[in-house]
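Step one of this worksheet: look at the structure below.
Because the structure is predicted, anything quoted here is derived from the model rather than measured.
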Amino acid sequence: MANLTPLQDTLSSVVPTTGFMLDNRTVLSKLQFIEQYARSIPYSSDTGSTLSSWADFLFMEGNTPEVLAELYKNPSLADGHLPPHQAFLFAMLTMLETPQALMNYFPHAHRDLYYRGLLGFKERPAAPSQVALAIELNQNTPEVMVPEGTLFSAGQDDNGTNIEYGLDADVLANHSRWRDLRWCYPGDSGSAKSAVVYGDDLDWNDQGLRLFDENTPAETVLTGRMLIADALKGSGGETRFVINLAAGNVDWTQLSGHISGGDKWLDLSLLSSSTNRRLEFTILASEGDISPPEDLPGAPFDKPVLRISRQDGESLPLISAVTVNNQGVTDFEQVILTPFGYANESMGSVENMELYIGIEDMLPGQTLSLFWQLNSPQPLDTQWQYLNHDNQWQSLAQHVVDLTHGLSAHGLWSVILPEDASSIVTAMPTGRHWIRAVIEPCNASVKNIADYPWLTGILTNGMTATLMNVSAFDADRASQPLPAESITQAVTFINGVSGIVQPWVSMGGKAAETNNELAVRAAERLDHRKRAMTWPDMVMLLKTEFPWVFDARIPSGDILTTVPALLQQRLVVQPLVTEKDNDDVLRPMFNAARLERMSQYLQGLASSWQDIRVANPNYRDVSLVHRVTFNEGVNPNYAEQQLRQSITDHFMPWGTGNASGIMLANHLDYYDILTYIEQQSYVEHVDLLTLDGEEASVQGENDEVLVLQWSE
């Protein structure tokens with residue numbers, strides 16, 4: 001057996017092989033072919049010969065092809081008595097090894113010449129990972145400029161090579177930090193909802209929170225006015241308030257009245273004698289003592305406050321006169337309610353999605369750098385504003401640098417806070433500067449929350465840093481995410497900086513493309529030529545361009561061959577369960593924006609005669625009814641709960657993270673489910689089982705996903 005290792009090493013150093021062999025015949029297969037061929041050739045016509053064919057001669061003395069092949073591979077087994085003609089066979093086989101190796105090298109060399117020399121393909125270099133960093137300052141340092149390229153240490157790899165990340169841009173760090181995240185969104189019949197989350201109290205989980213999510217605790221936004229006066233306190237017993245409105249035709253039945261009672265709002269009774277311009281309220285002493293508000297949101301006053309509000313978004317006219325127990329009140333102040341405070345002038349109703357960020361410990365003229373860690377299905381139409389010292393929202397459009405591209409991807413958002421920004425005006429809680437994004441609703445249904453981003457964190461004084469010298473690391477290190485909190489300091493001490501915060505794992509990062517990966521990519525590119533002309537091309541293009549697609553399903557053959565032909569090419573996409581836009585783990589779906597983006601991408605690569613649509617699967621509920629006898633001593637309620645969860649995990653694994661994607665056209669086999677239930681250790685036997693009312697299996701259609709639903 002020839003030693004071809006030096007030859008193969010030399011060939012592989014020129015063009016790496018990919019496992020394909022033009023001539024994959026082994027020594028055994030060659031010997032077996034020789035035996036088969038030689039058996040057709042008579043050996044001799046002499047009557048004294050015992051050999052009937054040349055195969056008997058070539059493989060005499062019990063040296064079958066299998067024996068000789070083993071001896072060829074392991075010469076140490078030879079005893080020195082091999083017949084000369086069998087040694088000659090070995091010599092011929094040895095001589096054929098070199099041309100066979102060269103022949104097997106030829107396809108790789110030819111393809112390499114075609115891909116690289118003619119088409120210009122080459123391996124993609126390693127892509128460095130990025131991290132998001134926040135810079136923290138010493139208490140006595142107001143600002144520090146941290147320049148682009150500043151290196152931060154992330155330890156060493158297994159070979160002792162320093163892992164360092166370089167800052168991607170200058171950061172003018174200060175003591176700013178975000179404190180509040182609030183939002184408002186339109187509701188029904190002109191009403192609106194508002195929600196508040198606090199930076200110090202928010203426990204960011206892996207998924208974060210959905211902006212404008214109705215599941216976040218929210219309150220109805222009140223419109224109306226607050227009346228502030230010492231005379232509102234009354235004199236004990238029943239207190240009667242009469243409010244006269246200067247103008248308008250107000251539906252008084254839609255109004256509510258409250259008055260401050262320390263740390264709570266006391267309900268006022270609106271009398272039926274009220275009219276459209278004259279409101280009458282009463283309160284009994286038993287309801288509580290009227291007193292100035294104490295830490296009531298939006299009411300920082302040192303006098304009693306009477307609030308007249310409504311939930312339908314309509315404004316309340318100016319209050320012209322007030323009496324308390326028939327005594328006129330001449331010294332009173334009135335303000336207009338805003339979603340989170342009050343103002344002297346109306347700010348309009350909530351007609352768009354509004355996102356508010358409260359920033360503490362910041363001065364006008366300083367730079368606010370926010371890094372948003374989010375995942376969004378689409379860009380948002382945002383108009384950024386700030387709250388000025390006149391208690392009005394003013395545009396930031398000329399000052400904002402938005403690398404999130406409308407909160408569509410994680411990135412840096414920065415602005416120099418204008419000099420007239422204020423932290424003490426009343427339209428929002430005082431003690432912070434406020435910026436606001438007014439966002440056009442993504443579609444007619446503002447409740448389609450899946451159109452809006454998942455937010456997993458915000459960093460003040462934030463910036464990205466990129467891995468340096470990625471080519472110095474091996475493939476595993478280049479593609480391996482850097483764990484959170486790996487970076488805590490700069491390589492070189494920075495005066496005034498107290499620490500570096502890296503709250504999340506690194507982003508991106510990819511090893512250099514291998515020759516095999518290049519071959520696959522080039523073959524796919526040559527297959528579809530970036531044209532959506534065939535069904536397989538469309539599926540391949542979708543999965544290549546959109547990493548959130550697990551797979552796509554094309555219509556079945558019987559549908560494709562129908563007459564007349566389909567007027568629309570419809571693909572059903574299966575989302576990765578981690579990339580769904582809805583909150584239903586058993587029915588993951590993309591929102592309309594992502595579906596439209598995928599449809600337009602394919603349409604742009606297709607003929608103008610094609611009409612390509614990308615759609616979600618259809619989810620069909622299958623009613624499962626069962627009656628089970630559990631083993632003696634088993635708690636039936638607990639066992640039933642365990643059984644249902646076990647069935648879900650087994651037959652719908654995508655719902656519990658045990659599968660990357662859903663199963664289209666899945667089959668629910670009646671006897672599989674029956675057997676699975678009976679196999680559970682706590683089940684004695686199954687008394688009843690039906691699927692959709694039948695003791696029969698259920699098959700999903702080509703675009704369907706069957707989802708088991710329990711019925712009593």
Side-chain angles (χ1 to χ4, degrees), residues 177-223 295-298 309 311 313 337-341 349-360 370-378 380-382 384-385 404 406-410 413 427-429 432 434-460 503-504 578-585 587-593:
R177 67 185 184 94
W178 77 274
R179 175 70 175 89
D180 298 30
L181 182 68
R182 301 168 180 246
W183 59 73
C184 294
Y185 55 87
D188 299 325
S189 304
S191 65
K193 295 286 188 179
S194 66
V196 183
V197 293
Y198 294 101
D200 292 343
D201 302 330
L202 190 57
D203 181 18
W204 298 102
N205 53 38
D206 292 338
Q207 213 171 23
L209 58 89
R210 176 88 73 174
L211 296 183
F212 308 110
D213 190 349
E214 291 181 325
N215 293 323
T216 302
E219 296 182 354
T220 300
V221 173
L222 301 177
T223 57
D295 297 324
L296 286 178
S309 61
Q311 299 183 5
L337 291 174
T338 64
F340 300 105
S349 58
V350 178
E351 298 179 353
N352 296 294
M353 319 299 280
E354 298 178 356
L355 182 66
Y356 301 80
I357 303 175
I359 307 297
E360 288 185 335
L370 297 177
F371 185 90
W372 296 74
Q373 183 82 353
L374 51 80
N375 179 28
S376 178
Q378 62 185 344
L380 301 177
D381 183 3
T382 56
W384 291 97
Q385 302 170 341
T404 70
L407 301 181
S408 65
H410 57 255
W413 184 100
M428 298 294 293
R432 325 52 155 163
W434 289 95
I435 58 174
R436 176 174 80 168
V438 179
I439 303 169
E440 289 285 340
C442 294
N443 53 51
S445 174
V446 295
K447 290 185 178 179
N448 188 8
I449 304 302
D451 289 333
Y452 299 98
W454 280 106
L455 179 65
T456 53
I458 305 174
L459 287 180
T460 46
W504 308 299
T578 56
E579 295 288 342
K580 66 183 185 303
D581 289 322
N582 61 340
D583 297 324
D584 190 336
V585 295
R587 300 168 182 82
M589 301 175 71
F590 291 128
N591 62 23

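Using a 4.5 Å cut-off on side-chain heavy atoms (C-beta onward), Q373 and L455 make no contact. Looking at T382 and L355, their side chains never come closer than 4.5 Å, going by heavy atoms from C-beta outward. Looking only at side-chain heavy atoms (C-beta outward), P441 and Y452 come within less than 4.5 Å of each other. Between D584 and M589 there is no side-chain heavy-atom pair separated by less than 4.5 Å. Side-chain contact between P429 and R179: absent, with no pair of heavy atoms (C-beta onward) separated by less than 4.5 Å. Side-chain contact between I439 and L211: absent, with no pair of heavy atoms (C-beta onward) separated by less than 4.5 Å. Within the 4.5 Å cutoff, side-chain heavy atoms of S194 are placed close to those of V221. Side chains of M353 and P186 form a contact here, defined as non-hydrogen atoms less than 4.5 Å apart.
In terms of heavy-atom proximity, L407 sits nearest to S376 at O-CB, 3.3 Å. Between G457 and W504, the closest heavy-atom pair is CA-CZ2, 3.6 Å. When every heavy atom of R587 is checked against every heavy atom of N582, the shortest pair comes out as O-ND2, 2.7 Å.
Atoms CG and CD, from L222 and Q311 in turn, are 6.0 Å apart once rounded to the nearest 0.5 Å. One distance of note links CG of L370 with OG1 of T460; it measures 7.0 Å at 0.5 Å rounding. Between the CZ atom in R210 and the CG atom in D451 there is a gap of 8.5 Å [rounded to 0.5 Å]. In this structure, the separation between CH2 on W178 and CD1 on I435 is 11.5 Å, given to the nearest 0.5 Å. Here I357 contributes atom CD1 and R436 contributes atom CZ; the two are 12.5 Å apart, rounded to the nearest 0.5 Å. With values rounded to the nearest 0.5 angstrom, K193 atom NZ is found 13.0 Å from T216 atom OG1.
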- Item | Worked check of side chain to side chain contact (heavy atoms under 4.5 Å, CB included) between W434 and F340 | CA-CA 12 Å; W434 289 95; F340 300 105; over 6 Å; no
- Run the numbers on N375 and E579 for side chain to side chain contact (heavy atoms under 4.5 Å, CB included), then give the verdict. CA-CA 9 Å; N375 179 28; E579 295 288 342; 3.7 Å; yes
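The aromatic rings of F212 and Y185 sit perpendicular to each other, their planes meeting at more than 60°, with 30° as the lower class boundary.
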